[in-house]
Asker: 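This is the structure I want to talk about, given as structure tokens.
Values in this document were obtained by computation on a predicted structure and should not be read as measured data. The basis for the numbers below is simple: all heavy atoms, side chains too, and nothing from hydrogens, waters or symmetry mates.
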Amino acid sequence: AQSVTQLDSQVPVFEEAPVELRCNYSSSVSVYLFWYVQYPNQGLQLLLKYLSGSTLVKGINGFEAEFNKSQTSFHLRKPSVHISDTAEYFCAVTVGSGAGSYQLTFGKGTKLSVIP
Amino acid sequence: SAVISQKPSRDICQRGTSLTIQCQVDSQVTMMFWYRQQPGQSLTLIATANQGSEATYESGFVIDKFPISRPNLTFSTLTVSNMSPEDSSIYLCSVDLGTTSRYFGPGTRLTVT
């Protein structure tokens, strides 16, 4: 079974500073990896995903993540954050079992607070 | 992408009562998923609902407590039965569009007093 660890429950950062949200996973097989964002009082929105190919994945709102197989990590980064990036971010992993049928396991989330 | 709506968006309920949450999607989907997000916790899958068949429940969740209906390819309901304060959570509906593209609704915020 796969699992996801988000190492930081809360990350405060000043506006226009860079940020990295850490995510490590454990799985004995190849995985697909995701980052979701949850803005206050909203549902989850897919930021980006890694399925295969280039290990650097670019997503929406200027975010990117790098898949590192040797370190079993999928850290999320943004070079310059904005107040509107204040939200909770969830890392998720799955082992694909066929189109439209896979178990998605989420981390506990990291609350990003951008300080003006 | 998909547009997913949920009703109600939030509710405060008394212990021992039941609440039915509706999920509507703007396109036809084979599988719909119901998740629970307890305060300060991550998302936990409750069940998977396919149209025309019984829902498949994850370990720790039972049909008597969380009955699900899936009458067509764009709609599903989740009922939280005989509620207790421990059921206070956000309940999220989710669908897959294509391989590895899971979309979530805005959630229903439930408080049980």
Asker: Does A/Leu46 form a side chain to side chain contact (heavy atoms under 4.5 Å, CB included) with B/Arg102? I'd like the steps, not just the answer.
Answerer: CA-CA 8 Å; A/Leu46 181 64; B/Arg102 186 159 296 178; over 6 Å; no
Asker: If you check every heavy atom in residues 106-116 of chain A against those of chain B, which residues fall under 4.5 Å?
Answerer: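 Residues A/Phe106, A/Gly107, A/Lys108 are the ones that qualify, each having a heavy atom under 4.5 Å from chain B.
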Asker: Decide yes or no on side chain to side chain contact (heavy atoms under 4.5 Å, CB included) for B/Leu45 and A/Thr105, but give the supporting numbers first.
Answerer: CA-CA 9 Å; B/Leu45 181 64; A/Thr105 301; over 6 Å; no
Asker: Do you reckon B/Val3 sits in the same ILVMFWY cluster as B/Phe75, going by side-chain contacts under 4.5 Å, direct or chained?
Answerer: no
Asker: Is B/Glu54 atom CD crowded by more than 12 heavy atoms from other residues, nucleotides or ligands, each under 6.0 Å away?
Answerer: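 Counting neighbours around CD of B/Glu54, 12 or fewer heavy atoms of other residues, nucleotides or ligands fall under 6.0 Å, so no.
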Asker: Which answer fits B/Glu58, side chain, backbone, both or neither, if we ask what part of it has an atom under 4.5 Å from a heavy atom of chain A?
Answerer: side chain
Asker: Where does B/Leu43 contact chain A at under 4.5 Å (heavy atoms): side chain, backbone, both or neither?
Answerer: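 Both backbone and side chain.
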Asker: Look at the side-chain heavy atoms of Ile, Leu, Val, Met, Phe, Trp and Tyr, link any pair under 4.5 Å apart, and say whether B/Phe61 and B/Leu78 land in one connected group.
Answerer: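 Linked, B/Phe61 and B/Leu78 end up in one cluster.
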Asker: Group every Ile, Leu, Val, Met, Phe, Trp and Tyr by side-chain heavy-atom contacts under 4.5 Å, then state whether A/Tyr25 and A/Val57 land in the same group.
Answerer: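 Yes, it is one cluster - the side chains of A/Tyr25 and A/Val57 are joined through contacts under 4.5 Å.
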Asker: Sort out for me which residue in A/Tyr36, A/Phe34, A/Tyr39, A/Phe90 forms a ring-ring contact (aromatic ring centres under 6.0 Å, His included) with B/Phe104.
Answerer: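 That would be A/Tyr36.
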Asker: Distance from B/Leu92 atom CG to A/Gln42 atom CD, nearest 0.5 Å?
Answerer: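 CD of A/Gln42 is found 12.0 Å from CG of B/Leu92.
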Asker: Distance from B/Tyr35 atom OH to A/Leu44 atom CG, nearest 0.5 Å?
Answerer: 9.5 Å
Asker: Under 4.5 Å between side-chain heavy atoms, counting indirect links through other Ile/Leu/Val/Met/Phe/Trp/Tyr residues: same cluster for A/Leu33 and A/Val37 or not?
Answerer: yes
Asker: Enter the distance from B/Ser94:OG to A/Leu104:CG here, rounded to the nearest 0.5 Å.
Answerer: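 One finds 8.0 Å between OG of B/Ser94 and CG of A/Leu104.
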Asker: Check whether more than 12 heavy atoms from other residues, nucleotides or ligands sit under 6.0 Å from atom CG of A/Leu56, and answer yes or no.
Answerer: yes
Asker: Are A/Ile83 and A/Leu76 grouped together when hydrophobic residues (ILVMFWY) are joined by side-chain heavy atoms under 4.5 angstrom apart?
Answerer: yes
Asker: Applying a criterion of heavy atom separation less than 4.5 Å, what residues of residues 3-11 of chain A form contacts with chain B?
Answerer: none
